[in-house]
Amino acid sequence: MTVYQSDFLNVLEERGFIHQCSNMEGLDKLLKSQTTTAYVGFDCTANSLHVGNLISIMMLHWFQTTGHRPIALMGGGTTRVGDPSGKDESRKLLTPEIIETNKTGIKQAFERLLYFGEGEKDAQMADNADWLLDLHYIDFLRDVGRHLSVNQMLQRDSVRLRLEREQHLSFLEFNYMCLQAYDFVELYKNYDCRLQMGGSDQWGNIVSGVDLGRRIEGAELYALTTPLLTTASGTKMGKTAQGAVWLNETRLPAYDYWQFWRNTEDADVKRFLMRFTLLPIEEINRLGALEGAEINEAKKVLAYEATRIMRGEEAAKQAQETAEKTFEQGALADNLPTIEIAKSDLENGIGMLGLYVQAGLCASNGDARRQVKGGAIRINDKAINDERRTITQADLADGYIKLSLGKKKHILLKPA
RNA sequence: GGAGGAGUGCCCGAGUGGCUAAAGGGGGCGGACUGUAAAUCCGCUGGCUAUGCCUACGUUGGUUCGAAUCCAACCUCCUCCA
């Protein structure tokens, strides 16, 4: 393993964050010699980030803990245009108000891992709307455009492949990368930011920024990317049944967040511990060496640590306890996600199918019916095969009714 | 502006008058096996107050006993040319 002079690169190397760097030696020296500023760009199309973004946040975290200043750049300006590289045409244009709300939501996740403030090493939050919205086309062309090389942009994989296949490439798309490159220059000018990090898919954009910085400002900027994280089975990580695995409690309860990590496949456990927890390397090596059923211990640690970081100690403990009760002891855990049901409904009896839909376990009555046929539905741990079953007060056990779908999804009904 | 091509379910994609709630695949969900894993195998995968009804093959109209399928107009996207 390569050994660097700077703490930051050593930590990253050890934990497997490094994919590519524009100039490793130069960056190493810079980090060794002075407090440096680095940034990562984030989309603000939703009010919460998801685990796909987590790796970048972790990088910023390590950057700060090894003595440097991280910047989280919000794409408030670029979000106004919408990243066109996806095929999602129905993407709505977001209003400035929504973008503001989203930024607030997203910041919650940063605050878990970064310390914001005004000090020399305190994290900053920037928004490219601040400079992109007032950009004048002519000025931009004159001051920036002349430094951007079309020849180079044409060499970029994302562009070249499209041209080779004679696929459409819009001017907007072409410009998107110019704006991203320009962000780096602005951050260099305003914050003396010298390094941009991101996923390996951002390599091209980041390097364009590096180039542009040199041409316009004569600055030596650096690019550093992480491997794009997939699960060992090759699927993109961070997607579950319900969609993205959100970092914010409002989008995904801590219990489910914990479960996501708990269900990591064996082959991923060590990598995930390295990247998504703050545990010491020795501890991770020990956990990663576990095999067979024992690796479940490592998964629990992973789930606990990952949840603790994002949701706090208390939430992590509760999630773990709830899971232990539910899975290992088969007992009723009152911290399972709970929904309330009107007392009068219980008195009169209420259809089970509808409750499953209400609880979000099934998509529709029809879906619930099919689940009954498939043997997936249990109430208070008793299998149900009558789809017309109603729920009444008689089903109350310890003040709750437990609805299960399959082995892993449980919801408690609580009379109110 | 001209010529050509395309729009089908969550996604990809077959289907060119009735046998089509629409092949096949992916994804997802569930079951079996296990360790709350992976791999594998099996089932399910439009909605409803349900032996029926409603919605759905870009939109709107038309032909027909009957249309995803034929016709017309429109919309959108793509390719090439100007």
Side-chain angles (χ1 to χ4, degrees), chain A residues 84-91 161-173 230-245 255-273 287-304 306-307 319-331 333 336-337 349-354 356-379 381 383-388 390 402-411:
Chain A
S85 35
K87 277 197 262 178
D88 192 4
E89 299 157 39
S90 59
R91 188 193 292 260
L161 291 173
R162 299 279 278 282
L163 293 179
E164 275 170 11
R165 289 189 206 132
E166 302 199 324
Q167 276 175 348
H168 174 76
L169 175 71
S170 73
F171 189 59
L172 168 64
E173 216 165 328
T230 53
T231 66
S233 327
T235 54
K236 203 169 175 183
M237 109 162 247
K239 297 282 176 187
T240 62
Q242 275 75 36
V245 177
Y255 174 74
D256 292 322
Y257 190 74
W258 191 92
Q259 283 294 332
F260 167 75
W261 294 105
R262 174 62 243 264
N263 286 319
T264 300
E265 15 179 320
D266 291 6
D268 289 325
V269 171
K270 189 172 174 186
R271 292 194 307 146
F272 285 10
L273 281 166
L287 290 167
L290 296 174
E291 281 181 11
E294 287 196 330
I295 202 169
N296 282 323
E297 288 312 308
K299 290 184 190 181
K300 278 191 225 168
V301 175
L302 170 64
Y304 178 81
T307 308
Q320 179 141 356
E321 274 168 31
T322 305
E324 272 169 12
K325 277 190 195 163
T326 310
F327 286 96
E328 293 175 21
Q329 300 161 23
L336 284 171
I350 180 166
M352 171 192 81
L353 299 178
Y356 267 82
V357 176
Q358 255 187 54
L361 291 171
C362 293
S364 66
N365 285 2
D367 183 33
R369 252 180 270 268
R370 284 188 291 269
Q371 296 294 2
V372 171
K373 275 191 199 124
I377 287 192
R378 276 166 300 133
I379 291 171
D381 297 315
I384 302 296
N385 46 28
D386 173 17
E387 58 180 50
R388 310 266 277 279
T390 54
K402 183 178 171 194
L403 302 183
S404 306
L405 177 75
K407 290 188 178 136
K408 295 189 188 174
K409 293 181 201 151
H410 310 280
I411 296 262

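What's counted below: heavy atoms across the whole structure, side chains too, no hydrogens, waters or symmetry copies. A, B, ... follow the sequence lines: proteins, then strands. Residue 1 opens every chain.
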Nearest-Å distance once atom C1' is located in both B:G28 and B:C12: 15 Å

- request: Examine distances only and state if a side-chain atom of A:Lys409 and a backbone atom of A:Leu361 form a donor-acceptor pair shorter than 3.5 Å.
  value: no

message: I'd like the C1' distance from B:C75 over to B:U59, given in whole Å.
response: 7 Å

field: Check against side-chain contact (heavy atoms from CB on, under 4.5 Å), A:Lys270 and A:Leu287
entry: CA-CA 7 Å; A:Lys270 189 172 174 186; A:Leu287 290 167; over 6 Å; no

field: Distance test, side-chain N/O of A:Ser364 to OP1/OP2 of B:C48, below 4.0 Å
entry: yes

Tabulate protein N/O versus nucleotide N/O from nucleotides 41-45 of chain B, keeping only pairs under 3.5 Å, one per line.
none

query: Using purine N1 to pyrimidine N3 plus N6-O4 or O6-N4 for Watson-Crick, or N1-O2 and O6-N3 for G-U wobble, both under 3.5 Å, which nucleotide pairs with B:U20?
result: none

message: Any base atoms under 4.0 Å from A:Glu328, or only sugar-phosphate, or nothing? Heavy atoms, all strands.
response: nothing

message: Both distances below 3.5 Å, Watson-Crick or wobble geometry, any strand: find the nucleotide opposite B:A50.
response: none

task: For A:Phe327 and A:Gln259, work out which heavy atoms get closest and say how close.
output: CE1-NE2, 3.4 Å

Main-chain N/O of A:Phe260 paired to A:Asn263 side chain as donor or acceptor, under 3.5 Å: no

Gap in Å between the two C1' atoms, one belonging to B:C41 and one to B:G46, rounded: 28 Å

task: Apply the side-chain contact (heavy atoms from CB on, under 4.5 Å) test between A:Tyr356 and each candidate in A:Asp367, A:Asn365, A:Ile377, A:Val372; give the one that qualifies.
output: A:Ile377

message: Any side-chain N or O of A:Lys409 below 4.0 angstrom from OP1/OP2 of B:G30?
response: yes

- prompt: Are the charged groups of A:Glu265 and A:Lys299 less than 4.0 angstrom apart, N to O?
  reply: no

- request: Using the P atom on both, measure B:A3 against B:G66 and round to a whole Å.
  value: 36 Å

message: Between B:G27 and B:U79, how many Å separate the two P atoms, rounded to a whole number?
response: 30 Å

- prompt: Between A:Asn296 and A:Asn365, which is nearer to the 5' end of RNA chain B once each is assigned its nearest nucleotide?
  reply: A:Asn296

task: Name the nucleic acid region contacted by A:Ala323, choosing base, sugar-phosphate or nothing; use a 4.0 angstrom heavy-atom cut-off, strictly under.
output: base

message: With a 3.5 Å limit on both atom pairs, tell me what B:U59 is paired to, counting Watson-Crick and G-U wobble, or say none.
response: B:A73

query: In the structure shown, which nucleotide is the Watson-Crick or G-U wobble counterpart of B:G30, with both distances under 3.5 Å?
result: B:C42

query: Expressed as a whole number of Å, how far does the C1' atom of B:G13 sit from that of B:A6?
result: 14 Å

task: Could you let me know what B:A3 is paired to, Watson-Crick or G-U wobble, both distances under 3.5 Å, or none if it's on its own?
output: B:U79

- request: For A:Thr326, report the nucleic acid contact type (base, sugar-phosphate, nothing); a contact means any heavy atom under 4.0 Å.
  value: nothing

task: Kindly say if A:Lys407 contacts the phosphate of B:A37, meaning a side-chain N or O under 4.0 Å from OP1 or OP2.
output: no

- request: With a 3.5 angstrom cut-off on both distances, give the Watson-Crick or G-U wobble partner of B:U36, or none if there isn't one.
  value: none

message: Over all strands shown, is A:Ile295 touching base, sugar-phosphate only, or nothing at heavy-atom distances under 4.0 angstrom?
response: base

message: Just to be sure I understand the rule, does A:Lys373 reach a base, reach only the sugar-phosphate, or reach nothing, if contact means heavy atoms closer than 4.0 Å?
response: nothing

message: Base, sugar-phosphate or nothing for A:Arg378? Non-hydrogen atoms, less than 4.0 Å.
response: nothing

message: Taking only the C1' atom of each, what is the distance from B:U8 to B:A56 in whole angstrom?
response: 10 Å

Comparing A:Glu291 and A:Arg369 on RNA chain B - which has the more 5′ nearest nucleotide: A:Glu291

field: Separation between the C1' atoms of B:G2 and B:G9, rounded to whole Å
entry: 36 Å

